[in-house]
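Okay, so here's the structure we're looking at.
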Amino acid sequence: MNEMNEETVRAECRAWLEANWNPNLGLVEWRHKLAESGWGNPHWPSRWYGRDLSVGLVPVVKEEFARIGAIGVAEAGIRVLAAATILAHGTDMHKEKFLMRILTGEDTWCQLFSEPGSGSDVAGAVTRAEMRGNQWVVNGQKVWTTSAHKAHWGLLLARTDWDAKKHAGLSYFIIDMKQPGVTVYPLRQMNGHASFNQVFLSDATVQPEFLVAAVGDGWEVTTTTLMHERRGADGLRTWGKKSDRPERAFEEERAEIATTMEPYKWYPQRAGRVDLVISRAKETGKINEPVVRQEIARLMTMSKAAEWTARRARAAQEQGRPQGPEGSLGKLVSSNIARAAARVHTQISGADALLTGDASPMNGVIAEILVSVPATSIAGGTDEIQRNIISERVLKMPRERTGDSDKPFKDVPRNLVG
Amino acid sequence: MNEMNEETVRAECRAWLEANWNPNLGLVEWRHKLAESGWGNPHWPSRWYGRDLSVGLVPVVKEEFARIGAIGVAEAGIRVLAAATILAHGTDMHKEKFLMRILTGEDTWCQLFSEPGSGSDVAGAVTRAEMRGNQWVVNGQKVWTTSAHKAHWGLLLARTDWDAKKHAGLSYFIIDMKQPGVTVYPLRQMNGHASFNQVFLSDATVQPEFLVAAVGDGWEVTTTTLMHERRGADGLRTWGKKSDRPERAFEEERAEIATTMEPYKWYPQRAGRVDLVISRAKETGKINEPVVRQEIARLMTMSKAAEWTARRARAAQEQGRPQGPEGSLGKLVSSNIARAAARVHTQISGADALLTGDASPMNGVIAEILVSVPATSIAGGTDEIQRNIISERVLKMPRERTGDSDKPFKDVPRNLVG
Amino acid sequence: MKFSFSSEQDEFRSNLRRFLADRAPIKETRRLMELDAGWEREGWKALNAELGLTAVRIPEEYGGHGFGFGEHCIVLEEMGRALVCAPYFATTVLAAGAILHAGSAERKAALLPGIAAGETIATLASAEDSGSWDAEACTLTASATGHLNGHKSFVLDGHTADLIVVLARGPSGLAFYTVDGSAAGLTRTLLKTMDPTRKLARLEFSDVEATLLGSAAGTYERVMIEAAVCLSNEMVGGAERLREDALAYSMMRMQFGKAIASFQSMKHKAADMLLDVELAKSAAYYAAAALDEGDGDIAMTASLAKACASDTYSQTATHAIQIHGGIGFTWDNDTHLWYKRAKSSDVLFGDAFHHREQMMKNWAA
Amino acid sequence: MKFSFSSEQDEFRSNLRRFLADRAPIKETRRLMELDAGWEREGWKALNAELGLTAVRIPEEYGGHGFGFGEHCIVLEEMGRALVCAPYFATTVLAAGAILHAGSAERKAALLPGIAAGETIATLASAEDSGSWDAEACTLTASATGHLNGHKSFVLDGHTADLIVVLARGPSGLAFYTVDGSAAGLTRTLLKTMDPTRKLARLEFSDVEATLLGSAAGTYERVMIEAAVCLSNEMVGGAERLREDALAYSMMRMQFGKAIASFQSMKHKAADMLLDVELAKSAAYYAAAALDEGDGDIAMTASLAKACASDTYSQTATHAIQIHGGIGFTWDNDTHLWYKRAKSSDVLFGDAFHHREQMMKNWAA
């Protein structure tokens with residue numbers, strides 16, 4: 001069965017691409033065509049720009065795109081999370097209004113979940129949405145919002161019921177970012193970059209039809225978004241391999257990639273740049289020092305073992321077998337690797353590790369590692385949260401008794417935000 | 001004032017010692033005399049074998065004993081804790097019956113606190129004492145009891161009220177260890193030694209007058225004992241410097257030391273034997289290997305810094321100033337040092353670290369380090385308990401919410417002991 | 001590279017695990033470890049016969065099952081997990097490895113079937129008093145007539161093996177020789193060590209008659225690479241068992257009115273332990289697969305796996321005792337048996353520092 | 001050995017701490033660190049004048065207060081704690097140290113009063129592009145006529161100092177020379193570094209006229225020992241501040257309905273941080289006392305203190321950011337300022353690995 005399907009799919013897809021792919025089209029025009037054909041997201045429902053294909057067959061389609069060199073639908077950034085969330089929880093109106101423009105890349109999105117007072121604790125959001133007259137009025141402050149200054153639409157988590165318990169009082173909205181009640185400020189990080197934004201919501205409005213799911217269902221919808229965020233994290237690392245072909249569609253794609261990747265340009269440094277360790281050690285001659293060799297070997301051991309662990313998890317998944325505990329460990333080990341790599345780089349570069357200017361090693365990259373790695377153990381769930389998750393979900397150890405799950409949220413002790 | 005006192009004390013003590021010290025006396029005879037004089041424990045009340053001296057003047061007296069080479073009162077082992085506890089909470093009858101024989105060394109004592117089900121949680125004791133007829137009848141099991149097989153008397157913590165809350169249901173007794181209801185079994189450790197005992201109490205009896213303080217006050221009295229145990233931990237390390245003079249009192253003291261120190265002979269290994277690291281590294285030539293040098297230097301840094309921290313704490317105390325946080329850290333750092341030392345010893349000794357026989361390095365001492373250091377982070381309060389204490393008492397962080405403090409003890413979930 | 005086990009391998013593992021839990025429980029380990037031999041011939045023969053464990057990696061032409069390191073390492077991992085007292089590692093990894101790589105077809109045919117059948121207990125004697133497993137450290141000599149003089153030490157099951165493969169400096173360089181366990185001039189002494197579950201011996205050779213097996217040039221390094229990989233797999237088996245037992249204990253042990261597993265420091269430690277063990281398992285599995293697939297970086301991979309397993313096993317054992325508290329420090333609690341095995345495994349064939357240094361040869365100019 | 005501070009010293013410290021909190025708050029650090037100079041002459045003069053900080057360890061005969069390292073290190077610890085942007089370390093530890101040890105009475109009388117009075121900003125230029133502070137690494141030359149050629153790098157406040165003491169290879173070996181900050185042929189470039197609170201410069205010397213200060217034989221090593229001890233004290237001041245601030249934050253930051261300080265993993269981390277910082281403080285204090293008391297092991301002690309402070313400061317800073325969570329990674333939160341200072345302090349005068357190697361010279365044959 002499967003094999004027959006694979007052949008059919010491959011043949012159909014190839015035929016369509018050979019008939020339609022044209023790099024001289026405008027990027028939006030091409031993607032519009034692609035979305036309509038269902039080959040852009042073949043595992044989506046056929047009613048909504050897909051072909052009802054099983055996920056297992058998606059790689060076949062990707063291979064055909066790669067073979068002919070065709071550009072796919074827009075796949076980077078928060079828009080992917082928006083699409084997944086809308087597909088799962090949105091109304092037909094949402095799907096009609098948003099999905100196509102997501103796939104063409106015309107609209108960009110941002111995620112308004114984190115708040116200054118609730119970092120690891122997303123469900124502790126205190127941004128307030130109230131129905132006034134015939135619309136929702138939103139007041140509050142969001143942080144860590146990538147690309148908020150460019151986004152057309154935001155995925156908003158807000159509290160609509162203060163008498164309900166913490167998770168039950170939240171609702172989920174799609175908010176128009178281009179309105180007077182929404183103000184975006186860049187948030188500068190300790191490494192000097194400003195990849196994120198603070199978003200202030202002052203009497204910002206949302207039309208009732210832009211509520212996603214029901215009032216009070218916000219946490220459930222958020223969980224869908226977050227699940228896709230975790231899955232999507234891998235994608236980002238490999239995305240951005242741009243073609244250097246000269247045609248119009250490629251040119252427009254290059255511009256899109258440049259814009260989308262801009263906030264992430266320090267991400268390789270955040271991970272510790274293990275890839276540079278051996279070459280730097282050779283350049284500086286430190287590779288011949290026994291003490292440095294030990295530290296490099298420790299780092300490479302951790303890095304290789306982590307890589308093989310990820311591949312072990314993926315292999316099990318690909319065989320359709322249940323993933324072992326090894327699948328939940330990637331985030332935590334990446335923190336350990338990043339910290340160790342920063343230490344090893346300092347040891348290798350010595351005093352030069354401090355330098356950031358033109359005269360510095362690799363034009364400041366080594367110094368940027370040092371001031372970027374602290375993000376790894378914080379962003380996307382701190383190490384502490386990861387350990388909680390591993391111990392509770394994987395090892396089935398007892399859950400932490402928290403102070404906020406058994407009373408109305410208005411009575412829960414929380415941070416004052418100035 | 002102080003100076004005059006110091007002079008008077010020194011002169012009086014010296015005069016008494018010169019008139020009375022006689023190494024040809026039997027050890028018990030000499031100590032009896034010494035206890036009666038009050039110079040054996042000069043900071044004790046004058047009514048009970050002391051001279052009401054301030055603690056600050058005790059070193060002066062010790063100096064005089066050292067000058068003339070006189071033996072002091074019996075000071076090692078659990079008897080010291082018994083004396084401190086009886087002085088603080090005992091009746092006159094207790095003091096009369098027990099103190100003198102403690103000071104002469106005639107009686108030895110043991111401490112019956114820990115139980116198999118309550119290791120770190122001494123107040124969770126489930127050994128049961130019930131008044132039957134006109135005496136207390138005790139049933140239960142105690143562990144980690146040093147020298148129980150030799151002891152005449154035991155300091156017993158037992159539960160007398162199961163409807164009271166955990167800490168309120170305990171009482172404190174002095175129990176005669178030489179009775180049929182008390183059975184002592186040695187408890188073998190992973191390093192092969194058997195320094196501790198298990199004590200089974202089966203309808204063991206305690207006369208009513210051997211209750212210490214009131215029924216239900218057991219936890220308060222226990223706290224006194226434990227406080228002295230912590231203070232006394234330092235003493236053990238330096239005690240046991242025996243004289244090799246030939247006279248009768250010295251001969252008897254040597255025998256006493258040998259017996260008392262027997263259970264502690266692996267304690268130096270438990271601490272990691274940092275003192276042997278440099279000499280072992282020279283013997284094996286590993287001191288010339290850069291990687292080993294780093295590890296040795298790390299260990300010595302921790303060890304020296306810990307030593308200086310302890311001296312900093314003591315210096316503040318001696319100046320009569322409040323001790324800083326540095327005073328609470330000794331136990332925790334000693335675990336770190338012991339573990340690190342065991343690792344460094346393995347690295348230095350290589351394959352020889354495995355050997356335990358005659359042909360082994362230092363006749364098995366190195367291997368004994370490896371199998372003894374795990375005790376350091378467990379005995380006398382685990383590392384986890386130490387961190388709790390430091391964070392709560394020193395850093396004033398919020399106390400852990402426990403599951404056992406707000407209900408009758410009979411309803412508290414606890415271990416089944418077979 | 002193969003990153004996951006086949007369902008046949010998974011089934012083999014779970015059968016073996018049940019079998020060993022039944023036939024080689026820790027009580028049996030405690031009994032055998034008190035014997036000077038460290039194992040019993042009849043018991044081991046019977047246990048081995050049922051599953052043919054010694055035959056796993058011996059080629060079919062020599063009476064074996066002809067499986068690869070994938071299967072062999074499953075056996076070793078499960079034996080490390082169950083802490084089985086048996087001369088399995090010495091026989092199948094060390095001696096059989098040397099014979100397979102250095103022996104002629106004729107010698108293989110003479111020696112391997114006995115190993116596969118579980119009749120011959122064998123070992124490899126290479127390290128000496130220096131405690132180094134490097135070929136260069138070898139001082140024992142073989143004369144042109146094949147007589148050995150010198151000593152060996154840290155020889156796994158060296159005092160009980162029927163057949164001893166000996167690394168010696170012969171007339172044309174380093175070579176392997178075979179010696180009968182009962183040969184004249186051979187004095188075998190059990191070493192007293194801190195790990196009672198793994199017996200090591202010191203052997204003295206005084207004009208001992210030996211048979212040349214083959215050149216050790218290249219082949220000895222290969223055997224040591226295989227030994228490092230196999231031991232890594234044995235070690236991660238022990239580490240995982242320690243981790244699981246400590247976790248289970250924390251779930252049932254009550255202190256302060258709740259299971260200690262509910263204390264956050266315990267939970268976080270358990271998460272870190274899981275991470276350590278899973279990483280070490282990945283490295284050990286990868287190395288075994290790399291052996292089977294003839295990976296060119298195998299020397300680096302083997303050292304990486306051994307260094308990773310060493311650190312993880314020791315660290316896990318230390319945590320496991322700590323989690324058990326006072327009980328964990330007693331002789332009657334089983335944790336210390338693995339703790340000691342972890343320490344002896346760290347040292348065997350070179351410690352983690354040694355293997356990290358080896359690793360770097362892969363990258364350094 | 002003196003193990004505790006006198007009550008006069010305690011009072012000096014608490015006055016100084018209040019004074020710096022008032023006059024050099026972190027807002028001021030943020031303002032000054034954005035300047036190329038890294039400090040402002042008038043502001044620093046005024047601040048220094050009130051307490052005579054630059055005079056602390058200058059002997060009275062040269063216009064100073066004549067205190068020892070005990071007091072000098074209190075100032076440094078408090079400046080490290082407050083993260084004061086000022087050319088204090090360069091002037092009083094490095095330049096004054098070199099002048100005190102290598103200069104004649106005449107040169108001391110000429111140079112030190114200006115330093116004590118806070119008029120002269122001075123520094124020592126010894127390391128070069130190689131990033132080594134070892135005397136042997138010096139390549140800059142001094143001619144018989146006292147002209148310097150070569151370069152220096154990683155020079156603390158080197159682009160703003162009035163007076164630069166330069167380590168050079170002269171006609172009779174390594175020697176210190178003094179150079180005017182505005183000397184002809186001297187090119188001074190501010191280095192771009194990741195720690196904006198501590199400015200480093202690269203200096204190029206092209207036939208720069210210099211005055212011989214004295215031989216560097218033995219004296220340079222002594223100055224480096226003092227620098228290591230003084231920097232260790234500055235570092236533990238920063239580490240303690242980070243620890244206290246992170247603890248205070250954990251007490252007020254609510255997550256999941258309770259203060260994060262009530263989570264056991266946070267409590268245990270806080271306990272470990274306290275332990276680390278107290279150990280590093282003990283080592284730094286001991287080393288300062290050892291300098292005052294002329295201890296013979298001072299080279300070992302200084303390296304021990306520096307290695308300990310390095311590891312502790314970096315580790316504490318890493319923990320402090322983690323405890324602050326996302327906020328701790330922002331520019332507006334102050335934690336990163338100490339984090340960066342911790343990294344630059346680790347590197348200055350040799351990192352922890354370098355100092356551990358130095359330590360071992362005390363014990364190794």
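Each chain gets a letter, A, B and so on, in the order the sequences are listed, and its residues count up from 1. From a predicted model like this one, the values you see are computed outputs, not experimental measurements.
- Counting heavy-atom pairs closer than 4.5 Å to chain B, the top-ranked of the candidates Q358(D), K258(D), E357(D), Q264(D) is E357(D).
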* To do: Might you work through the side-chain contact (heavy atoms from CB on, under 4.5 Å) test for S4(D) and R314(B), ending with a clear yes or no?
  => CA-CA 9 Å; S4(D) 74; R314(B) 222 179 311 147; over 6 Å; no

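- For Y286(D), the part lying under 4.5 angstrom from a heavy atom of chain B is the side chain only.
- Within the model, atoms OG of S262(D) and CD of E392(B) stand 10.5 Å from one another, a figure rounded to the nearest 0.5 Å.
- Nearest heavy atom pair, residue F353(D) against residue Q294(B), reads O-NE2, 2.8 Å.
- Contact annotation for R399(B): only backbone heavy atoms (N, CA, C, O) come within less than 4.5 Å of a heavy atom of chain D.
- For T301(D) against W308(B), the heavy-atom pair with the smallest separation is CG2-CH2, 3.9 Å.
- With a 4.5 Å cut-off on non-hydrogen atoms, L395(B) touches chain D through its backbone and its side chain both.
- Looking at F263(D), neither its backbone nor its side chain comes within 4.5 Å of chain B, counting heavy atoms on both sides.
- The side-chain heavy atoms of M360(D) and N288(B), taken from C-beta on, include no pair separated by under 4.5 Å.
- Rounding to the nearest 0.5 angstrom, the gap separating the CD atom in Q386(B) from the CG atom in D272(D) is 12.0 Å.
- Considering all non-hydrogen atoms of both residues, A261(D) and P398(B) come closest at O-CD, 3.5 Å.
- Checked for salt-bridge contact, R356(D) and E295(B) miss the test: no charged N lies under 4.0 Å from a carboxylate O.
- The shortest distance between side-chain heavy atoms of K304(B) and S282(D) does not fall below 4.5 Å.
- The distance from the CG atom of D311(D) to the OG1 atom of T301(B) is 8.0 Å, given to the nearest 0.5 Å.
- Contact annotation for E384(B): both backbone and side-chain heavy atoms come within less than 4.5 Å of a heavy atom of chain D.
- Heavy atoms from other residues, nucleotides or ligands lying under 6.0 Å from NZ of K165(B) number 12 at most.
- Closest non-hydrogen pair, A315(B) versus F3(D), comes out as CB-CB, 3.7 Å.
- Atoms CG and CG, on L274(D) and L329(B) in that order, are 5.0 Å from each other to the nearest 0.5 Å.
- Residue S303(D) does not touch chain B at all, counting heavy-atom pairs closer than 4.5 Å.
- Distance check, rounded to the nearest 0.5 Å: CG of N362(D) to CE of M300(B) gives 9.0 Å.
- Around the CD atom of E63(B), the shell of radius 6.0 Å holds more than 12 heavy atoms that belong to other residues, nucleotides or ligands.
- Residues H268(D) and N388(B) bring a donor and an acceptor atom of their side chains to less than 3.5 Å of each other.
- Looking only at side-chain heavy atoms (C-beta outward), K267(D) and R387(B) stay at 4.5 Å or farther from each other.
- Neither the backbone nor the side chain of D276(D) comes within less than 4.5 Å of any heavy atom in chain B.
- Heavy atoms closer than 4.5 Å to chain B are found in the side chain of L247(D), but not in its backbone.
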